[in-house]
Amino acid sequence: MTRLALILVALMAVAGCEAVKSMDVKDLMDLSFGADVEKFTFNTGGDTHAEGFGGWKVSFDRAGSIKLAHTLSGQSTDFEPYALTPDQAKTLWAVIDRLPFKKLSKSAKNVAPVPPGTTMYAFNWTIDGKPHTATLPSTEALKNSGVNAMVSVLEPLIHDATGIQPTLK
């Protein structure tokens, strides 16, 4: 399984995925292989973005559907579900399947107090029907190249689905 995943990462790097190109060997060794994530939700922290861009909630499942909500100035906009193309779904799930879920969960338990106004990322996922969650300051979460890769893949998908250029970092 590890060999197959490394081949996939190499192919994505050759194909030009900048987030994958930036991964180092340590990141590759920290990948969470074998986790069969069924559903995944990423929330950039609601309406607390430091520069006032609002927050995004992105939910998707293996069927290739993505649901989006944007909160700005206390107003939330839910967008129609968006059907990913097979290539978009494959790329997105390749990145999600590489997230270090155990490390995210462990990091979420060891978070030091954060200053007011800090954007908190929330990750929710389901494996074998069992829900899991982790909430981390965005600055801490973005230290992980897997999270950076996910954000880099999500930004153009959100733009395609909504016409809005999101700011997820």
Side-chain angles (χ1 to χ4, degrees), residues 12 17-20 22 32 35-109 111 113-169:
M12 289 176 70
C17 183
E18 291 299 320
V20 173
S22 69
S32 179
D36 191 14
V37 177
E38 299 148 1
K39 296 178 183 175
F40 186 82
T41 299
F42 171 62
N43 190 327
T44 64
D47 206 8
T48 61
H49 192 281
E51 284 87 35
F53 296 115
W56 286 93
K57 181 177 179 181
V58 185
S59 303
F60 39 94
D61 57 31
R62 294 281 177 179
S65 176
I66 188 169
K67 295 179 185 173
L68 301 161
H70 183 233
T71 303
L72 182 61
S73 301
Q75 300 294 316
S76 183
T77 303
D78 292 324
F79 293 88
E80 293 291 322
Y82 179 76
L84 299 171
T85 67
D87 286 342
Q88 288 172 325
K90 184 186 292 185
T91 300
L92 180 58
W93 279 105
V95 172
I96 298 306
D97 288 339
R98 288 189 299 108
L99 285 174
F101 291 103
K102 290 178 186 174
K103 185 175 182 179
L104 288 174
S105 293
K106 192 182 302 180
S107 296
K109 293 176 185 169
V111 172
V114 294
T118 299
T119 303
M120 298 295 288
Y121 280 177
F123 305 87
N124 299 285
W125 63 96
T126 304
I127 298 175
D128 295 326
K130 185 176 177 184
H132 302 270
T133 188
T135 303
L136 293 166
S138 59
T139 52
E140 188 67 27
L142 289 168
K143 290 178 184 176
N144 183 282
S145 63
V147 174
N148 265 307
M150 178 196 67
V151 168
S152 295
V153 169
L154 284 175
E155 285 178 332
L157 291 178
I158 292 171
H159 183 260
D160 288 350
T162 66
I164 298 169
Q165 183 61 49
T167 300
L168 303 181
K169 293 182 180 181

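Along the sequence shown, the residues carry numbers beginning at 1. Note that the structure is a prediction, hence the values are computed from the model and not measured.
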## Note on the structure
In short, Ser76 meets Thr71 closest at the heavy-atom pair OG-OG1, 3.6 Å

### Query
So which heavy atom on Ala89 is nearest to which on Gly64, and how close?
CB-CA, 4.5 Å

### Task
Give the minimum heavy-atom separation between Ala161 and Leu68, together with the two atoms involved.
CB-CD1, 3.5 Å

### Task
Look up atom CG in Asn144 and atom CG in Leu99, then write down how far apart they are to the nearest 0.5 Å.
7.0 Å

### Query
Heavy-atom distance under 4.5 Å between the side chains of Tyr121 and Leu142, does that happen here?
yes

#### Entry: Heavy-atom side-chain contact between Met150 and Val153 under 4.5 Å
no

### Summary
Across all chains, not counting sequence neighbours, the side chain to side chain donor-acceptor pair (under 3.5 Å) partners of Thr41 are Ser59

### Task
Flag the pair Thr85 / Lys90 as yes when at least one side-chain heavy-atom distance between them is below 4.5 Å, and no otherwise.
no

### Task
Using distance alone, with no hydrogens and no angle criterion, decide if Asn124 and Lys39 have a side-chain donor and acceptor under 3.5 Å apart.
no

### Query
Would Val151 and Glu155 count as a side-chain contact (heavy atoms from CB on, under 4.5 Å) if you check the C-alpha gap in whole Å, the side-chain angles of each, and the deciding distance to 0.1 Å?
CA-CA 6 Å; Val151 168; Glu155 285 178 332; 4.0 Å; yes

### Message
For the CD atom on Gln165, are there more than 12 heavy atoms of other groups (residues, nucleotides or ligands in this structure) within a distance under 6.0 Å?
### Response
yes

### Query
If every non-hydrogen atom of Phe53 is compared with every non-hydrogen atom of Thr167, which pair is closest and at what distance?
CD1-CG2, 3.5 Å

### Task
Would you please test Arg62 and Asp36 for side-chain contact (heavy atoms from CB on, under 4.5 Å) and show each step?
CA-CA 10 Å; Arg62 294 281 177 179; Asp36 191 14; 4.1 Å; yes

### Query
Between Phe42 and Phe123, how do the two ring planes meet: parallel, tilted or perpendicular, split at 30° and 60°?
tilted

### Task
State, with a plain yes or no, whether a side-chain heavy atom of Leu92 is found less than 4.5 Å away from one of Leu154.
yes

### Task
Please tell me if the side chains of Ile164 and Ile158 come closer than 4.5 Å, counting only heavy atoms from C-beta onward.
no

### Task
Write down the atom of Thr135, the atom of Ala122, and the distance for their closest heavy-atom approach.
OG1-CB, 4.1 Å

### Stepwise side-chain contact (heavy atoms from CB on, under 4.5 Å) test for Thr162 and Tyr82
CA-CA 9 Å; Thr162 66; Tyr82 179 76; over 6 Å; no

### Task
Check whether any side-chain heavy atom of Ile96 lies under 4.5 Å from a side-chain heavy atom of Trp125, and answer yes or no.
no

### Message
Quick one, Asp128 with Glu38, criterion side-chain contact (heavy atoms from CB on, under 4.5 Å). Give me CA distance, side-chain angles, the key distance, then yes/no.
### Response
CA-CA 7 Å; Asp128 295 326; Glu38 299 148 1; 4.1 Å; yes

### Min side-chain heavy-atom separation Lys67-Asp78 under 4.5 Å
no

### Test ring pair (Phe, Tyr, Trp, His ring centres under 6.0 Å) applied to Phe60 - qualifying residues, sequence neighbours left out
Phe40, Trp93

### Message
Testing the basics here: between Gln88 and Ala83, what is the closest heavy-atom pair and its distance to 0.1 Å?
### Response
OE1-O, 4.5 Å

### Contact check, side chains of Val37 and Phe101, non-hydrogen atoms, under 4.5 Å
yes

